[in-house]
Amino acid sequence: MSHDTAPRTVAAPPAAHEETPTGGLTLRRAGQWAKEQYPLYILVALLVFAGFTSDAFFSSYNMSNLLLQVSVIGIVTLAQFLIVLTGGIDISVGAVAGLAGVLSAGLFGGGNTLLAVAVAIVLGGAIGVFNGYLIAYRGLEAFIVTLGMLALGRGLVYAYTEGQPIAPHAADFRTIATTAIAGVPVLGIVWIVLAMAMAFLTRRTVFGRRVYALGSSREAAHAAGVPVKATMISVYVIAGVLVGFAGFLLAARIGAATPTGGDNYEIDSIAAVVIGGASLVGGRGRVLGAFLGTLIFGVISNLLVLLNVSTFLQDAFRGALIIFAMVLTTVQFTRAVGRRPHVPDPGA
């Protein structure tokens with residue numbers, strides 16, 4: 001009997017979990033995306049809880065009211081998000097929105113709505129230029145510059161209004177805030193369109209890539225040829241325009257510009273950006289996260305009002321949620337760093 005002594009190659013059966021490179025990559029990306037969507041999970045959980053605890057929450061009237069409530073702060077949050085991407089922060093957004101609101105309603109008598117919009121946008125853009133110049137070209141800290149602008153803006157608001165609301169004379173001043181298309185408030189549509197535009201700007205343009213690079217490392221961005229100063233001042237101008245426009249919308253929604261308009265917008269916008277997953281050190285975050293963060297705080301405030309919960313407890317809930325979001329963000333960042341492959345030192 002002869003024995004075949006030639007080596008044989010036995011093909012190993014394919015592993016059950018083995019996939020094509022394209023399929024595996026797609027699944028990994030989908031899994032990674034799902035892990036990062038905790039703002040969406042929080043929002044869904046809140047909506048389910050709201051549905052069980054309040055019969056009025058999902059009524060068409062309340063949904064429309066909720067969208068109106070979050071739209072203005074949502075636009076301010078988009079501005080804050082863009083600044084946070086660079087590693088900066090703007091605590092003057094509330095004061096600037098308030099100032100833009102009172103000037104748009106009171107300057108020239110508030111008799112022309114288009115002129116009122118122009119006044120608000122130009123004012124916001126001018127303040128953005130001022131802040132951006134001091135931060136980008138003079139090297140001052142964003143926190144200090146915007147802290148000064150917060151005090152200046154709020155002081156000008158009270159000096160101009162003398163503590164009294166200003167009612168515009170234009171009959172169509174409130175049109176944008178009182179009109180709905182197919183039951184959806186125009187104000188909400190404006191916010192959604194601006195969010196989509198911001199997402200395109202930050203994710204699909206050269207300018208957006210420069211903003212992310214700037215937030216990751218200014219030195220590296222400069223070495224890579226990114227015009228750091230021009231990009232920085234552009235960010236503050238865009239943010240200023242958005243905040244100024246939001247100031248007009250706030251006055252339009254209320255029907256008058258009040259001295260307290262925009263109060264706490266800086267806290268609410270930063271909180272929405274943080275719970276949306278953006279890093280306060282810059283270079284990381286998505287518009288979708290900021291959008292969901294705005295909705296989360298809006299749903300909480302709306303639900304607590306429906307449940308007749310004290311406004312003081314609303315602030316407590318907001319603070320707890322911010323801390324919770326910061327913990328989640330920190331854990332995710334730590335895990336992301338831990339998953340990076342180790343690169344051996346070639347000199348070792």
For the residue pair Ile127 and Leu99, what are the closest heavy atoms and their distance?
CD1-CD2, 4.4 Å
Can you see which heavy atom on Ala177 is nearest to which on Leu68, and at what distance?
O-CD2, 3.8 Å
Are any side-chain N or O atoms of Ser64 and backbone N or O atoms of Tyr61, one a donor and one an acceptor, separated by less than 3.5 Å?
no
Euclidean distance, Asp268 CG relative to Thr77 OG1, rounded to 0.5 Å
7.5 Å
Closest approach of Gly51 to Phe58 (non-hydrogen atoms, all atoms of both residues):
CA-CE1, 3.6 Å
Can you tell me which residue among Val93, Leu147, Val96 is in a side chain to side chain contact (heavy atoms under 4.5 Å, CB included) with Glu266?
Val93
Between Ser92 and Asn131, does a side chain to side chain contact (heavy atoms under 4.5 Å, CB included) hold up when you go through it step by step?
CA-CA 10 Å; Ser92 69; Asn131 287 344; 4.0 Å; yes
Could you check if a side-chain atom of Asn65 sits within less than 4.5 angstrom of a side-chain atom of Asn302, using non-hydrogen atoms only?
yes
Approximate separation, where rounding is to 0.5 Å, of Thr294 OG1 and Leu78 CG:
7.0 Å
Less than 6.0 angstrom from the centroid, inside 45 degrees of the normal: does Arg203 satisfy that with respect to the ring of Tyr212?
yes
Would you call Val287 and Thr202 a side-chain contact if the rule is heavy atoms closer than 4.5 Å?
yes
So which heavy atom on Gly106 is nearest to which on Tyr160, and how close?
C-OH, 3.2 Å
Does Ser54 form a side chain to side chain contact (heavy atoms under 4.5 Å, CB included) with Leu303? I'd like the steps, not just the answer.
CA-CA 8 Å; Ser54 174; Leu303 180 60; 4.1 Å; yes
How close do Ala100 and Gly247 get, heavy atom to heavy atom, and via which atoms?
CB-CA, 4.3 Å
With rounding to the nearest 0.5 Å, note down the distance linking CZ in Phe297 to CG in Leu46.
10.0 Å
List the residues meeting ring pair (Phe, Tyr, Trp, His ring centres under 6.0 Å) with Phe143, not counting sequence neighbours, and say none if there are none.
none
Smallest separation among heavy atoms of Val243 and Ala97, with atom names
CG1-N, 3.6 Å
If hydrophobic clusters are built by linking Ile, Leu, Val, Met, Phe, Trp and Tyr wherever their side-chain heavy atoms come under 4.5 Å apart, do Phe130 and Tyr133 end up in the same one?
yes
For Arg210, run the side chain to side chain contact (heavy atoms under 4.5 Å, CB included) check against Val228, Val226, Val235 and tell me which one passes.
Val226
Given 3.5 Å as the limit, does a donor-acceptor pair link the side chain of Arg154 with the main chain of Pro259, or not?
yes
Once you round to the nearest 0.5 Å, how far does CD1 of Ile121 lie from CG of Leu242?
9.0 Å
Rounded to the nearest 0.5 Å, how far apart are CG of Leu249 and CH2 of Trp191?
13.0 Å
Can you check side chain to side chain contact (heavy atoms under 4.5 Å, CB included) on Ile300 and Ile296, steps first, answer last?
CA-CA 6 Å; Ile300 289 177; Ile296 287 170; 4.1 Å; yes
For the CG atom of Leu194 and the CG atom of Leu201, what is their distance to the nearest 0.5 Å?
11.5 Å
Counting only heavy atoms not in Phe49, do more than 12 sit closer than 6.0 Å to its CZ atom?
no
